[in-house]
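Along the sequence shown, residues carry numbers from 1. Since we're looking at a predicted model, the values are computed, not measured.
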Amino acid sequence: MTASTIPGWSFAQFGLPVPYPERVVDTVLDHARGARHFGPGRENACNVLDVVLDVARPLWLRTRQLGHAADGYRSGEIRDWAERQPAEALSRRQAGRGFRFGPGSAGPGPEPGLQGTGMWPAIFWHLADLLGRSEELGYRPRGSHRPEAARQGIGGRVEGGRG
């Protein structure tokens with residue numbers, strides 16, 4: 001996780017309301033516009049997933065708690081960003097091999113592997129969910145990328161590990 005995207009994800013991971021949710025959305029959208037992580041040839045699965053989870057998970061929990069659509073603070077910008085992401089990411093898929101983590105010639109990015117193949121489908125689901133279309137995908141992320149908060153056990157401890 002990058003430092004700018006930890007707040008919303010950390011709270012939402014455990015089903016806690018995000019304090020100052022508008023400031024979290026502002027920070028995350030500013031981060032998503034930054035050339036450092038989202039400039040041409042710089043997007044990778046971690047950068048995109050950080051933004052998606054920090055925006056999607058708190059919105060997902062809030063809409064379930066309040067029982068209405070996620071229309072509200074900067075929702076148009078969130079939807080616009082979500083609609084732009086799949087095209088670039090889908091270009092990283094190689095038939096029969098999976099997804100590259102990201103661009104580049106070194107590190108986890110250049111070749112398809114477990115990291116990219118595990119993360120990009122979770123990203124696609126969360127993007128589709130932000131757009132109200134996740135049911136069309138036919139799968140739902142599990143483990144640490146699931147949309148639901150971790151279950152709380154006795155004494156408030158998280159049950160079942162990461163998923």
Look at the side-chain heavy atoms of Ile, Leu, Val, Met, Phe, Trp and Tyr, link any pair under 4.5 Å apart, and say whether Val48 and Leu137 land in one connected group. yes

What's the spacing between Asn47 CG and Asp50 CG if we round to 0.5 Å? 6.5 Å

Atom pair CD (Glu136) and CG (Asp129), whose distance is rounded to the nearest 0.5 Å: 11.5 Å

Student check: side-chain heavy atoms of [X] and [Y] closer than 4.5 Å:
X      : Y      : answer
His145 : Leu49  : yes
Asp26  : Arg74  : yes
His126 : Leu130 : no
Trp125 : Ser134 : yes
His31  : Arg36  : no
Leu131 : Glu83  : yes

For the pair Arg100 and Gln94, evaluate side-chain contact (heavy atoms from CB on, under 4.5 Å) and give the outcome as yes or no after the intermediate values. CA-CA 8 Å; Arg100 293 179 291 140; Gln94 292 183 12; 4.0 Å; yes

Enclosure of Leu90 CG (heavy-atom neighbours >12, cutoff 6.0 Å): yes

List the steps and the verdict of side-chain contact (heavy atoms from CB on, under 4.5 Å) for Phe101 and Leu114. CA-CA 9 Å; Phe101 177 77; Leu114 183 59; over 6 Å; no

Under the side-chain contact (heavy atoms from CB on, under 4.5 Å) criterion, do Glu43 and Arg92 qualify, and how do the steps go? CA-CA 11 Å; Glu43 294 174 333; Arg92 294 190 178 110; 3.9 Å; yes

Is there a donor-acceptor contact under 3.5 Å from the side chain of Arg79 to the main chain of Gly76? no

Indicate the atoms forming the closest heavy-atom contact of [X] with [Y], along with that distance.
X      : Y      : answer
Pro121 : Gly116 : CD-O, 4.1 Å
Pro147 : Pro141 : CD-O, 4.0 Å
Arg33  : Glu77  : NH1-OE1, 3.8 Å

Assess the pair Phe124 and Tyr139: is the distance between their ring centroids shorter than 6.0 Å? no

